[in-house]
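These values consider heavy atoms only, across backbone and side chains, with no hydrogens, waters or symmetry-generated copies. All ligand and atom numbering here is 1-based and tracks the order in the structure.
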Amino acid sequence: MSITSDQKLLRLIKYLPITIIGLFVVVLVVIVLSANRTALKEDIAALHKNFYQNQREDIQHRITNVVEQIEFEKENTEKILKQDIKSRVDEAISIANNIYAQNQHLDETVITEMITDALRNVRFNQGRGYFFIYKLDGTNVMHPILPHVEGKSLWDLQDARGAYVIRDTSKLARTKIKAFHRWWWVKPGATDQEFDKIGYVSLFKPFNWFIGTGEYVVDVENDIQSRLLERLSDYSYGEGGYIFVMNSKGALLSHPNKSLIGVERLDAQDGAGAYYVKNIVDKALSGGGFVQYQSSFTPVGTLTPDKLSYVSHLPGWDWIIGTGIYTENIDRFLAEREESIQQKNSEEILKIIFFSLVVSLVLAALSLFIGNAVGHRFLRLQRQIKHDFHELEETKNKLQYLALHDSLTELPNRLFLIEFIRKQIKKSEQSNQHLAIMFVDLDDFKKVNDAFGHATGDQLLAKIGAKFETLLGHDDIVARFGGDEFVFCFSNLSNAREAEHKGSEIYKIFQEEFMISGKIISSSCSVGVSIYPQDASEAEELISKADTALYTSKARKKGHILFYDESINQQVQYELSLEKELRSALKRDELYMLYQPQIDLNNGQLEGVEALIRWKNPTLGHVSPVELIRKAEEIGLIHEIGQFVIERSCQQIIDHYPNGQDSIALSINVSPSQLVAKNFIHNLVTVVDKYAIDRERITVEITENVLINDLEVVTPILKQLRECQFAISLDDFGTGFSSLSYLCNLPITEIKIDRSFVDKLLVSKQSDALVKAIIAIGDSHSLKVVAEGIESLDQYKKLNQYQCNLGQGYYFSKPIPIDELVNFRNDRTLESS
Ligand code: C2E
Ligand code: MG
Ligand code: MG
């Protein structure tokens with residue numbers, strides 16, 4: 001992930017929760033506010049509705065109550081009236097009785113006068129009420145209102161509807177003593193209208209009178225109405241609430257505005273032009289209900305006349321009772337309520353917002369804290385990861401470097417080299433240039449290790465590696481291929497000559513000695529070269545061919561540069577098949593022995609034989625023993641083959657020439673590594689003893705080179721051989737660099753003059769002198785001297801003349817099988833005899 005996206009992620013971790021909380025709180029507040037507003041609206045609407053409803057119910061209820069009360073009072077009118085008149089009449093009877101009781105002794109007329117005087121002026125019910133007295137026969141005794149009827153019989157008096165009022169009343173008094181009676185009477189002054197009248201009579205027994213009184217129901221009702229109207233005009237409730245009463249003609253009977261009372265106002269119009277009084281009347285008459293209008297009267301504190309009234313009709317009295325509410329008051333009240341609700345609501349909202357704010361701030365702070373903590377952790381982890389990655393990268397690079405470099409010289413290794421060559425091949429292909437792969441091997445590096453120790457050897461390698469690097473151009477490389485092997489890859493070469501120049505520069509490095517830890521070490525190298533594109537077009541093949549050239553160069557002569565060509569390849573191929581075939585030669589019984597006679601030059605007799613190995617292979621044909629031995633040494637087969645030589649030659653010699661007078665000597669060639677092998681003497685002794693050959697008959701032939709290379713190691717071995725009574729011959733004498741002092745110090749018993757000197761003995765004075773000198777030295781050191789390669793009689797004679805002891809060569813015999821040797825000896829014996 002890139003740095004910017006990391007930073008974005010961090011910012012996201014830090015601020016997203018806060019944003020979410022903020023958004024959440026905002027959304028929550030919006031939802032709460034909107035829900036609240038809706039609830040508030042609903043509340044206010046409900047308040048309006050309920051309040052109006054309540055108000056309507058209230059005024060309706062009030063009117064219903066008032067109407068009920070009026071109805072009640074109306075119903076009680078008769079009852080009250082009856083009670084009243086009864087009590088009045090009872091009182092009059094008691095007065096009459098009292099008067100009579102106190103004045104019994106007096107004349108009836110006097111008593112009558114006393115009673116009538118007492119009752120005549122008694123008035124009640126606002127002066128309307130009076131007593132009348134009749135005799136049971138219908139004669140009026142007293143009538144304060146109509147005095148002219150006193151003394152007259154009203155027995156036949158009929159009421160407005162034809163009923164005999166006095167007759168019926170008298171009858172009731174006579175029969176029931178006390179009784180109510182009803183009749184219809186025209187009121188004094190009002191001739192055209194009859195009124196219900198209730199009367200009460202009670203019998204005054206002493207004189208068979210009935211005393212009574214009567215009252216118009218309507219008058220009582222009027223009283224009650226007046227009382228009620230008075231009471232209703234005082235009725236007030238709430239804020240300016242009052243009850244009005246009007247009749248069906250629109251005249252107000254009760255109203256706070258007294259000036260309006262009694263005026264018929266059916267034609268009255270309100271501010272909106274409505275006949276509101278008529279509307280009220282109509283509504284009341286049609287069963288009652290609510291009416292809305294603009295009132296002509298507005299109580300103190302009320303500004304607008306809009307009013308809603310409930311009206312009800314009281315049919316018996318023609319009363320329309322109503323009361324109303326001024327909508328302005330309601331609206332004002334509602335507005336106040338609304339305001340208070342809204343204020344309360346605003347306070348609640350403020351509380352919610354405050355609480356949300358506090359909660360969101362706390363949550364935001366918390367999330368910021370957590371975000372920061374996560375961010376820090378994230379950064380720490382990121383730094384840790386970066387650090388770990390860096391370390392990993394470094395380790396990887398290190399490992400890559402180690403995988404591609406040699407730790408000792410710090411030069412590229414084999415893998416690096418191959419990859420590099422591949423790249424250079426591609427480049428060279430495009431640029432048409434040459435590449436030179438130079439395989440360099442230090443000569444005898446093992447000896448440096450052995451002589452100075454591995455640490456010094458390592459330092460030498462590092463130093464050489466560093467010097468090699470100085471030879472590199474821009475596109476060149478030198479790699480340590482392994483051990484003491486280095487491989488150069490020189491690029492951009494135009495021709496093979498440039499490669500030769502590079503090779504010579506490599507050799508120049510070895511012209512100077514190396515100074516390591518105070519030791520002066522000289523070294524040399526062999527170089528094998530392959531060239532791209534002529535030798536190969538693949539990296540591995542180029543290296544392999546350079547290696548082949550190097551191998552061949554080493555095999556031929558160390559310290560040289562050799563360019564790969566096809567003959568080298570063939571030789572290598574031959575070497576490879578030589579090795580392959582040799583490994584199975586013993587098993588396939590391809591090896592056998594020939595024996596070359598060694599002749600006593602003095603008497604021409606067979607003295608001994610030199611055992612020479614032969615190898616006939618189906619593929620390679622006859623392989624030279626020199627090649628065979630070299631290869632055997634090279635591949636470590638020399639010990640087995642050497643053992644075969646000893647075993648086979650001992651066996652054949654003892655078979656054909658047993659110990660004794662006629663026995664012959666046996667010379668066995670022993671290669672340098674065979675000689676220094678741990679068990680060589682032990683094995684030799686074992687075989688020789690096994691065949692019970694006299695040890696003195698056996699001569700071990702060693703070459704000069706053995707002495708030069710490993711004198712310290714070889715000397716004790718030679719001494720041991722001598723102790724075992726084996727003779728020791730120094731083969732190919734004169735070809736090496738052996739000093740004559742060897743001959744004195746080493747336990748050698750014989751020297752063999754190399755074939756090359758015998759060959760030139762007759763033609764080169766130098767050779768002649770050398771052969772003579774060798775024979776002289778041998779003689780002086782009591783060593784047998786054997787001349788090799790005698791091919792002519794003259795050579796034989798000359799050597800004989802120089803008193804060389806023994807000779808071998810084609811002049812006498814080529815190496816021959818053991819069977820032929822017998823004949824050879826016989827022939828020689830015959831010849832000399
Ligand atoms: P060498 O030990 O010096 O053997 C003598 C070589 O000279 C033999 O070659 C022999 O055939 C050759 N020779 C003798 N007389 C004449 C002559 O008049 N003219 C010419 N042109 N050559 C003559 P060969 O058998 O090919 O052996 C070559 C070398 O191989 C030997 O040289 C010896 O160093 C080595 N060799 C042979 N057989 C053995 C063996 O069994 N063991 C070991 N370690 N080396 C052996
Ligand atoms: Mg020999
Ligand atoms: Mg020899």
Enquirer: I'd like to check Ile698 versus Ile646 (side-chain heavy atoms, cut-off strictly below 4.5 Å). Are they in contact?
Expert: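 Ile698 does not reach Ile646 side chain to side chain.
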Enquirer: Could you check whether any side-chain heavy atom of Leu594 comes within less than 4.5 Å of a side-chain heavy atom of Ile816, counting everything from C-beta outward?
Expert: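 Leu594 does not reach Ile816 side chain to side chain.
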Enquirer: Please work out whether any backbone atom (N, CA, C, O) or any side-chain heavy atom from C-beta onward of Leu594 is under 4.0 Å from ligand 1, and answer side chain, backbone, both or neither.
Expert: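 The answer is neither; Leu594 stays 4.0 Å or more away.
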Enquirer: Tell me which protein heavy atom sits closest to atom 4 (O) of ligand 1, plus the residue, atom name and distance to 0.1 Å.
Expert: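 It is Glu610 OE2, 3.5 Å.
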Enquirer: May I ask you to list the atoms of ligand 1 that are less than 4.0 angstrom from any heavy atom of Asp732?
Expert: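 That gives atoms 3 (O) of ligand 1.
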Enquirer: Give the contacting part of Gln795 toward ligand 1: side chain, backbone, both or neither, where contact means a heavy-atom distance below 4.0 Å.
Expert: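 Gln795 to ligand 1: no contact under 4.0 Å from either part.
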Enquirer: What is the name of the N/O/S atom in Asp732 that sits closest to the Mg ion (ligand 3)?
Expert: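 For Asp732, the N, O or S atom at the smallest distance from the Mg ion (ligand 3) is OD1.
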Enquirer: Among the N, O or S atoms that Glu788 has, which is closest to the Mg ion (ligand 3)?
Expert: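 Nearest N/O/S atom of Glu788: OE2.
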Enquirer: Looking only at protein heavy atoms, identify the closest one to atom 15 (N) of ligand 1 and say how far it is in Å.
Expert: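 Heavy-atom neighbour on the protein nearest atom 15 (N) of ligand 1: Gln596 NE2, 2.9 Å.
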Enquirer: Among the N/O/S atoms of Glu701, select the one at the shortest distance from the Mg ion (ligand 2) and name it.
Expert: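 Nearest N/O/S atom: OE1.
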Enquirer: Relative to ligand 1, is Ile629 under 4.0 angstrom through side chain, backbone, both or neither, heavy atoms considered?
Expert: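 Side chain only.
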Enquirer: Please compare Leu591, Leu612, Asp759 and report which has the shortest non-hydrogen distance to atom 8 (C) of ligand 1.
Expert: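 It is Leu612 that holds the nearest heavy atom.
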Enquirer: What is the nearest protein non-hydrogen atom to atom 32 (O) of ligand 1, stated with its residue, atom name and distance?
Expert: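 For atom 32 (O) of ligand 1, the nearest protein heavy atom is Asp731 OD2, 4.5 Å.
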Enquirer: Heavy-atom contacts with Ile613 under 4.0 Å: which atoms of ligand 1 show up? List them by number with element.
Expert: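 In order of number, 38 (N), 39 (C), 40 (C), 41 (O).
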Enquirer: What is the closest protein heavy atom to atom 13 (N) of ligand 1, and at what distance does it sit?
Expert: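 Its nearest protein heavy-atom neighbour is Tyr810 CE2, 3.8 Å.
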Enquirer: Side chain, backbone, both or neither: which part of Lys814 comes within less than 4.0 Å of ligand 1 when only heavy atoms are counted?
Expert: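 None of Lys814 does.
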Enquirer: Which residue supplies the protein heavy atom nearest to atom 24 (P) of ligand 1, what is that atom called, and how far is it?
Expert: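 In this structure, atom 24 (P) of ligand 1 has Pro625 CG, 3.7 Å as its nearest protein heavy atom.
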Enquirer: For ligand 1, is any non-hydrogen atom under 4.0 Å from Arg755's backbone (N, CA, C, O), its side chain (CB onward), both, or neither?
Expert: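 Side chain only.
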Enquirer: Is it the case that Lys752 and Gln808 place a side-chain donor and acceptor less than 3.5 Å from each other?
Expert: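 Per modelled atom types, Lys752 and Gln808 side chains form a pair under 3.5 Å.
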Enquirer: How open is the angle at the Mg ion (ligand 2) from atom OD1 of Asn669 over to atom OD2 of Asp731, rounded to 10 degrees?
Expert: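 Reported to 10°, the angle equals 90°.
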Enquirer: Could you pull out the atom name of the N/O/S atom in Glu610 that is nearest the Mg ion (ligand 2)?
Expert: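 Going through the N, O and S atoms of Glu610 one by one, OE2 ends up nearest to the Mg ion (ligand 2).
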Enquirer: Considering only the protein, which heavy-atom contact is closest to atom 11 (O) of ligand 1, and what is its distance?
Expert: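 Residue, atom and distance for the closest contact: Pro815 CG, 3.4 Å.
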